[in-house]
Amino acid sequence: MLIVMKPEHTEEQLSKVVEEIHKMEFKAHVLPGKNSVAIGITGNVNPISEDFFTTMHGVHETIKVTKPFKLAGKEFSKGNLEIKVGPVTFDDKSFVIMAGPCAVESEEQTIRIAKKVKAAGAHILRGGAYKPRSSPYAFQGMGIEGLKILQKASKETGLPVITEALDFISLEGVVEYADIIQIGTRNMQNFSLLQEVGKTNKPVMLKRGFSATIEEWLMAAEYILDSGNPNVILCERGLRSYDQNTRNLLDITAVPVAKQLSRLPVVIDPSHSTGRKYLVEPVSRASLAIGANGIIVDVHDKPHEALVDGPQALLPDEFIEMVKVLKSIGKAIDINL
Ligand code: PEP
Ligand code: MN
């Protein structure tokens with residue numbers, strides 16, 4: 001619920017309303033506006049009695065917020081969320097390119113590829129140090145060593161780093177060494193992890209669960225926002241389906257739908273959604289055209305030797321060509337790359 005104060009309300013009346021919300025053990029979000037002040041309430045499971053607040057001094061009206069994702073939604077705040085990560089900004093004027101190997105395999109490999117994607121025009125370096133693998137026998141990632149390598153690659157190239165936190169233990173290191181915390185598709189509804197990530201001060205990229213509805217995805221984002229972290233980026237990475245021609249079924253409409261329902265930036269993963277490198281460029285072009293705020297792309301210079309996801313990785317030269325194409329589209333539609 002949203003409580004709108006009268007333009008002439010006093011500080012005392014505002015504090016009294018906030019105090020009553022706290023007494024109910026809900027959270028109060030004071031939202032100063034041009035002519036008045038509104039207070040958003042979160043934390044309530046059931047509807048709150050409007051009468052209680054409308055009879056309080058200084059209150060103009062109460063408005064029911066129908067969407068359950070109150071912080072991710074548009075009701076509380078004007079305009080879309082802008083997220084700054086070092087020199088990079090996720091906003092509606094820019095298209096952010098995150099690129100790098102699926103996994104950190106060695107210091108030499110990571111720094112070599114980081115330099116190549118930087119030279120091609122990437123804004124952020126990706127690379128997994130903790131890998132969620134279907135098989136327990138497959139390469140699980142370099143762990144903390146991998147995080148240190150990513151930090152080194154970041155220092156050498158100036159690129160901020162995004163990497164996945166799998167659980168509470170890996171999260172500690174990811175918060176220390178990375179610039180953006182990635183929550184993978186398999187953890188989208190790991191609510192205790194989402195709450196823990198919400199207590200950190202690093203931006204979070206939340207991948208959509210491979211069978212999650214858009215509402216479930218936004219509610220997962222809500223967990224992070226409600227735990228105190230205001231910076232969440234959504235990432236569409238394809239849904240589980242039956243056709244074998246692509247690894248997943250990319251829901252490209254999720255971009256305008258999520259942007260219509262929420263104020264969060266939305267990016268696309270053309271690599272994990274398709275699993276085929278020939279599809280990465282067309283999907284990236286479509287991502288830019290449909291209004292996504294960026295992409296996260298696998299790039300590897302020795303895909304045949306890659307320990308994870310070699311077949312979907314672009315070669316550096318292919319990535320260079322793709323960035324050129326994206327830049328020319330960006331120019332035509334007034335989006336910075
Ligand atoms: C990844 O980006 O490395 C990854 C594992 O992606 P997803 O969680 O989308 O499968
Ligand atoms: Mn991968």
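Keep in mind it's a predicted model, so treat the numbers as computed, not measured. As the structure lists them, so they are numbered: ligands from 1, and atoms in each ligand from 1.
Side chains of Lys259 and Asn80: a donor-acceptor N/O pair is absent below 3.5 angstrom, by distance only.
Of all atoms in ligand 1, listed by their number and element, those nearer than 4.0 Å to a heavy atom of Arg126 are 1 (C), 2 (O), 3 (O). The contact set between ligand 1 and Glu164, taken as ligand atoms under 4.0 Å from a residue heavy atom, comprises 5 (C). Close contacts of ligand 1 with Gly184, meaning ligand atoms under 4.0 Å from a residue heavy atom, involve 8 (O). Distances below 4.0 Å separate heavy atoms of Lys207 from the following atoms of ligand 1: 1 (C), 2 (O), 4 (C), 6 (O), 7 (P), 8 (O), 9 (O). Every atom of ligand 1 is numbered from 1 in the order shown, and the set under 4.0 Å from a heavy atom of Arg237 is 7 (P), 9 (O), 10 (O).
Among protein heavy atoms, atom 8 (O) of ligand 1 sits closest to Thr185 N, 2.9 Å. Protein heavy atom in closest approach to atom 4 (C) of ligand 1: His272 NE2, 3.6 Å.
In this structure, Pro270 and Val280 have side chains that are in contact, with non-hydrogen atoms separated by less than 4.5 Å. For the pair Pro160/Pro87, a side-chain contact is recorded, criterion being any heavy-atom separation below 4.5 Å from C-beta on.
Distance alone, capped at 3.5 Å, is enough to place a donor-acceptor pair between the Lys131 side chain and the Cys102 backbone.
Taking 4.0 Å as the cut-off between side-chain N and carboxylate O, Lys16 and Glu12 do not count as a salt-bridged pair. Ion pairing between Arg285 and Glu281 holds under the 4.0 Å rule for side-chain N and carboxylate O. Electrostatic pairing of Lys70 and Asp226 does not count as a salt bridge here, judged by no charged N lying under 4.0 Å from a carboxylate O.
At the Mn ion (ligand 2), the vertex angle linking NE2 of His272 with SG of Cys102 is 130° (nearest 10 degrees).
The Mn ion (ligand 2) has an N, O or S atom of Asp309 under 2.8 Å away, backbone or side chain.
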